[in-house]
There are 2 protein chains.
Amino acid sequence: MAEREVDRSVSQTVKAQLALRDQILSGALRPGERISELQAVETTGASRTPVRMALVRLEEEGLLEAIPSGGFMVKAFSERDISDSIELRGTLEGLAARFAAERGVSARELEPLKECLAAIDELLRQVPISVDAFSSYVTLNARFHAVLTELSRSPPLIRQIDRASALPFASPSGFVMAQSALPEAQQILIIAQEHHRVVIDAIENREGARAEAVMREHARLAVRNLRLALRNRTHLDLLPALALIKTAND
Amino acid sequence: MAEREVDRSVSQTVKAQLALRDQILSGALRPGERISELQAVETTGASRTPVRMALVRLEEEGLLEAIPSGGFMVKAFSERDISDSIELRGTLEGLAARFAAERGVSARELEPLKECLAAIDELLRQVPISVDAFSSYVTLNARFHAVLTELSRSPPLIRQIDRASALPFASPSGFVMAQSALPEAQQILIIAQEHHRVVIDAIENREGARAEAVMREHARLAVRNLRLALRNRTHLDLLPALALIKTAND
DNA sequence: TGTATGCGTTGTGTATACATTATCGCGGGA
DNA sequence: TCCCGCGATAATGTATACACAACGCATACA
């Protein structure tokens with residue numbers, strides 16, 4: 001090989017996958033646009049084999065779509081696709097919460113969840129919330145959802161939730177960021193926090209149905225707020241995944 | 001290349017993927033066993049590149065697991081994994097039924113569903129059901145579920161349900177076959193048919209909650225019956241996916 | 001006899017060359 | 001002027017060669 005610089009700390013496949021995902025989410029590649037392998041090879045620095053592996057993985061992730069005649073294109077999503085994805089995720093998380101409640105969770109396992117809760121409470125005490133604090137909130141919120149998912153102790157379900165969150169707008173951080181575009185953002189976050197509190201309580205008391213219901217309600221609220229946020233597109237550039245939304249909605 | 005025979009009717013990648021999946025489901029490759037690329041190249045007739053693509057796809061499908069040090073192994077499932085997968089699928093189908101009911105379905109779109117229903121009714125009239133008829137039943141039942149899924153009109157949800165059904169024991173045909181191992185199999189199929197009838201009715205009357213509830217109940221029944229079937233492993237060899245079950249359960 | 005080290009073999013990760021197919025443009029004919 | 005067909009070009013699908021890492025075995029030393 002020529003003077004190609006090879007970073008041996010991570011596999012070329014992973015490097016290419018990360019680089020391509022970044023290009024897609026940053027909007028450098030537009031929805032519907034065909035992805036050229038050759039071009040991807042140049043921009044990622046990997047050779048064709050790992051690039052192809054990365055493309056296959058990104059297709060499975062849902063960010064790319066296979067073109068029947070060959071190759072891949074960036075997937076385009078409608079507003080409906082997005083709200084459905086959020087509701088889908090909420091439904092799966094509801095199942096996770098129910099599993100956690102029914103199967104029982106020790107106080108020790110519940111601890112990380114309560115820590116998240118407390119940390120978020122602390123953040124929300126600021127009015128208005130600072131940019132840094134909001135960034136911490138996004139991380140903490142994602143962590144809360146991830147821990148909750150784990151508590152289901154169901155590998156197939158955890159796997160499926162991870163897959164559902166691959167679509168950036170369906171991830172906890174994704175829709176929090178979208179909601180933050182609304183003027184009443186802080187109010188929304190406080191309500192969300194209330195949901196978090198209820199789900200912990202329901203799990204502690206082994207009330208599966210209640211735990212499930214609140215998570216689904218949580219997602220439905222997120223859907224409503226996302227719709228509102230999409231109406232008045234003021235600060236919506238906060239959401240990087242916006243690049244994936246079809247310009248012409250269905 | 002040498003005298004390797006190439007079948008140009010389908011892509012090598014797809015051919016390799018099908019061949020490997022077949023090997024896994026038939027039990028030729030045992031759960032936990034490492035899959036050697038070289039060996040896969042020999043048995044599938046494709047070369048390493050398409051074999052590797054197939055392996056990546058099968059990993060995303062959930063049939064394989066990546067080994068940290070490199071390569072893939074056949075994934076092993078516990079009984080819990082299986083029942084969780086079925087319940088997961090039922091939850092997703094419940095959401096699909098609710099979407100269909102809430103979003104409205106024309107009489108014309110409901111037609112294929114009713115045809116499946118009627119055809120299955122016809123089959124179940126036989127007592128006892130013949131082997132051929134049972135085989136038709138499996139096909140029709142899978143079709144019923146697939147059509148119902150489509151009626152949700154939600155591409156993200158449809159995609160997720162497809163992914164959930166990739167695990168053979170979570171597919172409609174998979175758990176029907178498992179249930180058939182029970183002595184009261186025919187009785188079970190009649191109850192399942194009743195569920196089908198109710199979900200159609202609920203969709204027609206736009207009762208989302210009822211449509212969802214019955215699909216979830218449908219899956220819960222399947223879980224119970226699968227558990228029973230796994231207890232008395234009499235005719236369970238009907239289920240090819242059995243090869244994936246861990247011998248040592250957790 | 002047990003353990004550690006080194007070498008060999010096997011297998012995956014990567015790169016690239018080759019084959020084949022799709023796409024686009026140009027030219028000729030209706 | 002429009003449509004059909006053919007050819008060139010570019011991009012994908014496939015095969016294979018090379019590099020490196022991991023595992024195992026054997027041997028030597030404690």
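Proteins come first, then strands; the chains are lettered A, B, ... in the order of their sequence lines, and each starts at number 1. Predicted model, so just to flag it, every value in this text is computed and none were measured.
Distance from the side chain of A/Leu38 is smallest to D/dA11 among D/dC18, D/dT14, D/dA11.
In the interface, the side chain of A/Arg48 is paired with the base of D/dG13 through a donor and an acceptor atom under 3.5 Å apart. One cannot find a donor-acceptor pair under 3.5 Å joining the base of C/dG11 and the side-chain atoms of B/Arg34.
At whole-Å resolution of the value, CD in B/Glu37 and P in D/dC18 are 18 Å apart.
More than 12 heavy-atom neighbours from other residues, nucleotides or ligands sit within 6.0 angstrom of CZ on A/Arg159. By the neighbour-count criterion of 12 heavy atoms within 6.0 Å, atom CZ of A/Arg21 is densely surrounded, having more than that number from other residues, nucleotides or ligands.
Between A/Ile158 and A/Asp162 the shortest side-chain heavy-atom distance falls below 4.5 Å.
Of all heavy-atom pairs spanning A/Asn141 and A/His196, the tightest one is OD1-CE1, 3.2 Å. Among all heavy-atom pairs drawn from B/Met215 and B/Gly94, the shortest one is CB-CA, 3.7 Å.
Axis deviation across the helix from C/dT1-D/dA30 to C/dA30-D/dT1 amounts to 10°, comparing end segments of five pairs, rounded to 10 degrees.
In this structure, CD in A/Gln160 is found 5.0 Å from CG in B/Leu88, a value given to the nearest 0.5 Å.
Using modelled atom types, one side-chain atom of B/Thr139 and one backbone atom of B/Ser135 make a donor-acceptor pair closer than 3.5 Å.
The stretch residues 49-69 of chain A comes close to DNA chain C through A/Thr49, A/Pro50, A/Ser69, each having a heavy atom under 4.0 Å from the strand.
Just one residue in the list B/Val105, B/Ile161, B/Ile203, B/Leu110 forms a side chain to side chain contact (heavy atoms under 4.5 Å, CB included) with B/Leu148, and that residue is B/Ile203.
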